[in-house]
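Please read the structure below before turning to the comments.
First the proteins, then the strands, lettered A, B, ... as listed; each starts at 1. Atoms considered below: every heavy atom in the structure, side chains included; atoms not considered: hydrogens, waters and symmetry mates.
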Amino acid sequence: MNEPILKINHLSKAFGSNVVLRDIDFTVNKGDVISIIGASGSGKSTLLRCINLLETPTSGQIIYNDRDVASGKINAPEYRSHVGMVFQSFNLFNNMTVLENCMVGQTKVLKKDREAAKEAAMYFLQKVGMAPYINAKPRQLSGGQKQRVAIARALAMNPEILLFDEPTSALDPEMVGEVLNVMQALAQEGMTMLVVTHEMAFARDVSNRVVYMKEGIIREQGTPQQIFENPQRQETREFLARFRNK
Amino acid sequence: MEKFAKLITDVDLLWSTYSSVYLKGIRNTLILAIVATLIGCIIGLVCGILNTIPYSRQDSVVKRIVLRLTRIIVRIYVEVFRGTPMVLQAVFIYFGLPYFTDAQLRFRGNSGMWIASILVVSINTGAYMAESVRGGIMSIDPGQTEGAKAIGMTHLQTMLYVILPQAIRNIIPQIGNNLIINIKDTSVMFVIGFIDFFAQHRNIIGVNNMSFQSATIEMIGYLTLTLAFSFILRAVEKRLDGSDSYELVNVDPLVMAAGTYSHPDRGNIFDEHSREYKGMEGD
């Protein structure tokens with residue numbers, strides 16, 4: 001279980017003079033489900049976006065397969081095809097049907113033939129319960145349905161690790177459950193996941209590690225029991241208390 | 001009332017005498033407008049794409065300089081051809097070419113006139129379309145680009161499969177605008193001898209005294225053409241938008257749906273599809 005997939009060393013990110021991430025260190029092992037929690041603006045999403053190079057880190061290393069992907073010397077699209085990402089705003093391709101959304105990456109990036117791509121797409125769409133909707137366009141779906149398709153799209157690329165950037169924050173409350181169920185099922189099946197979330201119940205029940213971030217710094221990390229039941233730092237306690245009072 | 005009756009007889013007379021002349025003008029107008037709009041769209045598309053290739057500080061100096069230069073060149077092209085009258089551009093190119101090549105190269109005869117006209121109208125349309133395409137690309141939600149990047153698409157793939165199909169859909173009204181403008185404005189090509197629909201009017205009224213009657217035919221003719229194309233383009237837009245409804249597909253009802261799939265005896269979802277995750281069971 002302790003085979004590292006991703007090692008992040010001294011990662012920093014600044015937008016101009018605004019430092020968003022400071023000296024982040026952490027390791028993602030195979031099969032890990034890590035929840036990153038923290039207030040808005042604490043750098044959680046930026047960390048995720050740095051990991052799949054949607055943002056270029058200012059300094060530090062991201063070691064994946066013995067290569068530093070943050071060095072700027074690697075083939076970023078190729079690397080991204082191994083690192084799936086699910087966005088808060090779904091980002092399904094509006095010009096394609098559900099099925100095409102799940103096939104285009106396989107045929108164009110992985111160069112699979114259409115038959116194989118369709119088979120895999122159908123497999124994962126069934127998995128997320130969206131197979132009946134393969135002919136629908138994204139605009140015809142609800143938020144929860146879109147997010148499940150987005151998860152299927154990411155899975156169809158057969159990623160080594162899946163990043164979730166607040167996957168339920170844009171959803172109506174009654175749709176949050178359907179997406180979290182899919183994510184929980186994935187976690188139980190051994191998918192390596194990095195989840196930025198405000199869903200504390202999910203972080204507590206599903207993840208094996210919880211990372212608390214504040215002002216661009218990892219303040220505390222540990223098992224869900226450690227973080228939720230026995231936080232070591234005052235600021236972690238305060239953050240969790242604010243959530244409980246909501 | 002009798003004036004209208006007279007107008008109708010006159011128009012009828014004109015049309016029965018000169019219908020082939022008018023129709024030839026219409027044909028030329030349509031060919032020039034459609035071909036030039038198509039070429040103009042391609043020019044605009046290329047310029048718009050070149051103009052939106054992103055570069056950042058991490059890129060090599062050569063790449064940055066090349067991209068910067070292309071943007072400047074495209075910008076100059078757009079400003080020059082949008083900022084001068086098409087009738088002047090026609091004269092400029094038609095007489096400029098032999099001037100600079102000491103008459104070695106010039107637009108000769110009928111085919112020369114066609115080439116010059118198509119060239120001028122295309123370049124002119126391209127200048128407008130370049131801006132429309134740039135706007136169309138910029139109007140697409142950045143999330144679409146991120147979604148494409150996140151599954152490993154290159155910039156070119158993102159453009160081809162995700163951004164341009166949506167951008168082009170959004171600029172179809174602009175393409176229609178340009179086509180309709182071109183149907184009307186190609187008439188200025190008379191300065192280099194192009195015989196379009198309006199030029200035929202000038203030819204016809206040169207031999208009789210029926211300016212107004214002929215102009216009536218022209219009005220009706222132009223309006224019919226532009227209305228027809230408005231209609232066609234709307235239909236194309238509708239077609240591209242696809243149906244508003246979709247068919248649900250029947251799937252095996254025994255297949256496990258979301259969140260119900262964690263039965264351990266059924267094995268790992270990645271068994272068939274991944275080498276990476278085989279053997280993860282029991283961890």
Heavy atoms of A:F87 and B:G147 approach each other most closely as CE1-CA, 3.8 Å
Closest non-hydrogen atom pair, B:M153 against A:F93: CE-CE1, 4.4 Å
In terms of heavy-atom proximity below 4.5 Å to chain B, should [X] be classed as side chain, backbone, both, or neither?
X: A:T56; result: side chain
X: A:N52; result: side chain
X: A:V179; result: neither
X: A:M183; result: neither

With a 3.5 Å distance limit and no angle check, can you tell me whether [X] reaches the backbone of [Y] through a side-chain donor-acceptor pair?
X: A:N94; Y: B:V162; value: no
X: A:N91; Y: B:G143; value: yes
X: B:Q144; Y: A:L92; value: yes

For the candidates A:G105, A:A76, A:A136, which exhibits the highest count of non-hydrogen atom pairs separated by less than 4.5 Å from chain B? A:A136
When only pairs under 4.5 Å are counted, which of A:E100, A:Q184, A:M157 shares the most heavy-atom pairs with chain B? A:M157
Please enumerate all residues that pass side-chain hydrogen bond (donor to acceptor under 3.5 Å, both in side chains) together with A:Q140, with sequence neighbours excluded. none
At what distance, to the nearest 0.5 angstrom, does CG of A:N95 lie from CD1 of B:I163? 8.5 Å
Side chain to side chain contact (heavy atoms under 4.5 Å, CB included) between B:E146 and A:R49, worked out: CA-CA 10 Å; B:E146 294 195 341; A:R49 294 169 60 83; 2.6 Å; yes
Could you list which of residues 73-84 of chain B have a heavy atom closer than 4.5 Å to any heavy atom of chain A, in residue-number order? none
Hey, which residues of residues 171-185 of chain B are touching chain A, say heavy atoms under 4.5 Å apart? none
Around atom [atom1] of [X], are there more than 12 heavy atoms from other residues, nucleotides or ligands closer than 6.0 Å?
X: A:E115; atom1: CD; answer: no
X: B:R234; atom1: CZ; answer: no
X: A:F15; atom1: CZ; answer: yes

Are the side chains of A:V104 and B:I151 in touch, meaning some heavy atoms are under 4.5 Å apart? yes
In terms of heavy-atom proximity below 4.5 Å to chain A, should B:Q157 be classed as side chain, backbone, both, or neither? side chain
Does A:R139 have any side chain to side chain contact (heavy atoms under 4.5 Å, CB included) partners at least two apart in sequence or in another chain, and if so, which? A:K137, B:D244
